[in-house]
Amino acid sequence: MLKIEHLTKRYGDVVAVDDLDFEVTPGVVTGFLGPNGSGKSTTMRVILGLDRPTKGRATIDGRVYGELRHPLREVGALLEAKAVHPGRSARNHLLAMAASNNIAPSRVDEVLEFTGIASVATKRVGTYSLGMNQRLGIAAALLGDPQILLFDEPVNGLDPEGIKWIRDFFRTLAKEGRTVFVSSHLMSEMALSADQIIVIGRGRFIAQGSVDELTADVAGTVLVRSSDQARLAEIMRSRHATVHDRDDRALSVGGLTSDEVGEAAFAAGITLYELTPQRASLEEVFMGLTADAVQYASASTEVPRGA
Amino acid sequence: MARDVTLASASHAEWIKFRSVRSTVLGFVVTALLTLGISALITSVIRGHWTTMDPLSRLTFDPVSTSLGGTLFAQFAVGVIGALFITSEYSSGSIRTTLAAVPQRLRVVAAKALVLSVSMLIVAEVLSFVTFLMGQAIFSGVVPTASLATGAVLRSVILAGVYLTLLALLGFALGLILRQSAACITVFTSLLLVVPIIVFLLPQSWQDAFSKYEPSALGRAMMSTTPPAQMFGAGTATVILVIYVAVAATVGSIAFLRRDA
Ligand SMILES: Nc1ncnc2c1ncn2[C@@H]1O[C@H](COP(=O)(O)OP(=O)(O)OP(=O)(O)O)[C@@H](O)[C@H]1O
Ligand SMILES: [Mg+2]
């Protein structure tokens, strides 16, 4: 069991992780979701004993990472930043890791085969593509056949086939009873690959639950098309609903149920052509949950022009 | 498979890492070229000019330290080898892989220092003996030569290899402290080249007091059979250099223990 216990990590004035406290259970894929700079990688580094927590701790079956006898055989990790010397071959990189934790060298060939980089294993890592690097990182994580696996932004640099492969692979690992903890800043990715999701923002815990639970918490919108969209929009606004004009000339109404919208339209004598309750997409839930917590929000999507 | 992550396993891993990058191999090649090449050059020039050299120079001539002269150039190469062994881990991010595999940080430092000093000592001793013998062969017939049968001569040749090994460790210790290759190489070369210049600018009495503490002056003392009066004896010089390395390594280890990776 991987436990994050009231973990706080400060870098100077920056609070990267702020009193995070949660458990990651074995047997399911747990997503670790948050916008850029929300503290996902920092949490992963603290779990691995690389960064020292300011307060609290992260434990693996009750022990901190430094107390593990053969850490690579208990915890495998794919870190976000490349953690390989570019001048070394993949094979030598893995052989050194194996030697340090008394893992048989034959295991190196197994994981190289499994991740599909055996044919380039003797080439210098500096010549690898982003995807090949990612596969090497996965091979390194699997090297000690650990029960707990951490993946920081694993789909970065993978092609669609690779992404599909990795999702299936996470499921397989979880089915085998392992703890699979995967970070991402993309809700859509998490929706497809994770069973449980932990959402953080600005280093703080925001929500935890299954995809269904997280979407149920947030009220959806109602899609309306009618004979008089302008007047209907005005009436909706007067009832403190949020109204968005959609490109297809339908209105998206938030804050009211479909019953309330239908009755209001009837009372005003407006004919409804369509009245569809929309379930919040996971992406909307995420945006809603983390709206206050986004650190690097863009002012607009327009590219600034030179004078 | 029941073994723990021991110093032996950690050292095995470090050995694989050390030998599997080009910079190490290149570093050793440059070390060998500088030691042998410069020594060959110096000894040949002396042989050519021996008959025209002034009598005092001939009288105080030391065939041992002169034949080992290339060592004082190779010291830069070994410093770089030592520094890169740790700084390249920071620049590439592989330090995270290293520490995830061996979370006991002092064990990582010990394993690296062990691999570095053993491999450097072997290479440097072979180079010292080959350089010495090559120099005597070049001198023979014209310039007086020395023999390994003499205790002081043997000591000087052995200490030349020890000197290079200690400087590699000094480079490594600076790498632990500074973490950046460029900064490390700058500080290392400054210690060896710039500090002597600064000392040279001091008043004569200060020069006499300080110059013998410079790392390369210690090196020259270690390599000479009869160090001049203003220098330390070979044994004392070795001890002082070991203290430098130990202090730098202690500071480096403390920094390495405390910092986030
Ligand atoms: N070594 C460090 N020194 C100083 N600040 C840091 C350091 N590492 C992270 N931070 C800061 O801590 C915060 C969290 O960073 P972190 O990398 O953990 O976020 P993240 O969730 O992984 O983001 P991303 O999705 O961009 O990978 C950021 O504000 C970051 O700038
Ligand atoms: Mg990150």
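We name chains A, B, ... by the order of the sequence lines, and we start the count at 1 in each one.
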Inset, instruction - Would you mind checking which part of B:Leu257 comes under 4.5 Å of any heavy atom in chain A, side chain (CB onward), backbone (N, CA, C, O), both or neither? - result: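 B:Leu257 touches chain A through backbone heavy atoms alone.
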Legend entry - Which of A:Ala96, A:Ala140, A:Ala77 touches chain B most, by non-hydrogen pairs under 4.5 Å: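 That would be A:Ala96.
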Inset, instruction - Return the option, out of A:His93, A:Lys82, A:His85, with the maximum number of heavy-atom pairs under 4.5 Å with chain B. - result: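 Most pairs with chain B among the choices: A:His85.
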Just checking [X]: does its [atom1] atom have more than 12 heavy atoms from other residues, nucleotides or ligands closer to it than 6.0 angstrom?
X	atom1	value
A:Arg204	CZ	no
A:Glu67	CD	yes
B:Arg155	CZ	yes

Legend entry - Mutual orientation of the aromatic rings belonging to B:Tyr90 and B:Phe256 [parallel < 30°, tilted 30-60°, perpendicular > 60°]: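 Perpendicular: the ring planes of B:Tyr90 and B:Phe256 meet at over 60°.
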Inset, instruction - Go through B:Pro103, B:Ser23, B:Ser20 and name the one with the most non-hydrogen pairs under 4.5 angstrom from chain A. - result: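 Between B:Pro103, B:Ser23, B:Ser20, the count favours B:Ser20.
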Legend entry - Contact leader toward chain A among B:Gln104, B:Glu14, B:Arg19, B:His12, where contacts are heavy-atom pairs under 4.5 Å: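 When all of B:Gln104, B:Glu14, B:Arg19, B:His12 are compared, B:His12 has the most.
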Inset, instruction - Can you tell which part of A:Leu95 gets under 4.5 Å to a heavy atom of chain B, answering side chain, backbone, both or neither? - result: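 Looking at A:Leu95, backbone and side chain both touch chain B.
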Legend entry - Main-chain N/O of B:Lys17 paired with A:Arg88 side-chain donor or acceptor, under 3.5 Å: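 Looks like yes, one N/O pair under 3.5 Å.
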Legend entry - Residue pair B:Thr6 / B:Ser9, side-chain donor-acceptor N/O under 3.5 Å: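 Note: B:Thr6 and B:Ser9 side chains meet the donor-acceptor criterion.
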Inset, instruction - Salt-bridge test for A:Glu74 and A:Arg69: reply yes if a basic N is under 4.0 Å from a carboxylate O, no otherwise. - result: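 Result for this pair is no, no salt bridge flagged.
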Inset, instruction - Could you tell me which residues in residues 42-60 of chain A have at least one non-hydrogen atom under 4.5 Å from a non-hydrogen atom of chain B, sorted by residue number? - result: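 Listed by number, the contacting residues are A:Arg45, A:Gly49, A:Leu50, A:Asp51, A:Arg52.
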Inset, instruction - Answer whether the closest heavy-atom distance between the side chains of A:Leu94 and A:Met97 falls below 4.5 Å. - result: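 With C-beta onward as the side chain, the pair touches.
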Legend entry - Check against salt bridge (charged side-chain N to carboxylate O under 4.0 Å, His left out), A:Asp18 and A:Arg10: CA-CA 8 Å; A:Asp18 192 355; A:Arg10 250 184 238 119; over 6 Å; no
